[in-house]
Amino acid sequence: MGLRTASGRRVLNLDTLVRLERGQHASGTPRRLPVPDGMTAPLGCDAVAVPACFGPLVLPRLPRVGCVYADEAHWWWLVPSDSDYALEWPAPAQYAAGAVVPDAPAVPGLIHKPDGTLPYTPPIPLYLAVCRVTGTTPTWSRPVSA
């Protein structure tokens, strides 16, 4: 869990710090969105959630749709692990590392399963669709201040 200096002090690397930070946000009974039988997730799985009212608006904007789960409050899309790297997902979207859905009373139900063996929705088109329906400018299009 990190490196040790010559004096024996432990130095945490960036990967360890990211895992620790993500672990602090977990509360309630965590539930993981399952990868359906017959599918593989070679890139790992994270999930992106939007409020249920946005789900039907996001779905038709996507060129490819992976596994989508839903409950009364949210729609969840499976994406490859670390799809939040260098992306600021717009509110009210939620990013769930490990596809862990905390505070859900039950595992959301699968409402869409793609053909093939990969469960992923491509993260960039999903990000752009979520930005569009939330009226948020993508991070790379925002003005840079000096």
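Each residue takes its place number in the sequence, starting with 1. All figures in this text were calculated on a predicted structure; none of them were measured in a lab.
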Is the shortest side-chain heavy-atom distance between [X] and [Y] below 4.5 Å?
X: Asp46; Y: Tyr95; value: yes
X: Arg61; Y: Val133; value: yes
X: Leu43; Y: Ser81; value: no
X: His112; Y: Cys67; value: no
X: Thr40; Y: Val35; value: no
X: Pro42; Y: Leu118; value: yes
X: Leu110; Y: Val68; value: no
X: Cys45; Y: Tyr120; value: yes

Quick check: does any side chain N or O of [X] sit under 3.5 Å from a backbone N or O of [Y], one acting as donor and the other as acceptor?
X: Asp71; Y: His74; result: yes
X: Arg64; Y: Pro122; result: no
X: Thr121; Y: Gly66; result: yes
X: Arg31; Y: Val100; result: no

Straight-line distance of [X] [atom1] to [Y] [atom2], nearest 0.5 Å:
X: Asp82; Y: Leu87; atom1: CG; atom2: CG; result: 11.5 Å
X: Phe54; Y: Thr134; atom1: CZ; atom2: OG1; result: 6.5 Å
X: Leu128; Y: Leu62; atom1: CG; atom2: CG; result: 9.5 Å

Under 4.5 Å between side-chain heavy atoms, hopping through other hydrophobics if needed: is there a path connecting [X] to [Y]?
X: Ile124; Y: Val58; answer: yes
X: Leu57; Y: Trp77; answer: yes
X: Leu126; Y: Tyr69; answer: no
X: Trp75; Y: Val48; answer: yes

Do you know the tightest heavy-atom contact between [X] and [Y]?
X: Cys131; Y: Pro138; result: SG-CA, 4.1 Å
X: Pro108; Y: Leu33; result: CD-CD2, 3.7 Å
X: Pro114; Y: Met39; result: CG-CE, 3.6 Å
X: Pro56; Y: Cys53; result: CD-O, 3.8 Å

Does the ring centre of Tyr127 sit less than 6.0 Å away from the ring centre of Trp89?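 Between Tyr127 and Trp89, which both carry aromatic rings, the centre distance is below 6.0 Å.
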
Full working for side-chain contact (heavy atoms from CB on, under 4.5 Å) between Trp76 and Val50: CA-CA 7 Å; Trp76 300 86; Val50 298; over 6 Å; no

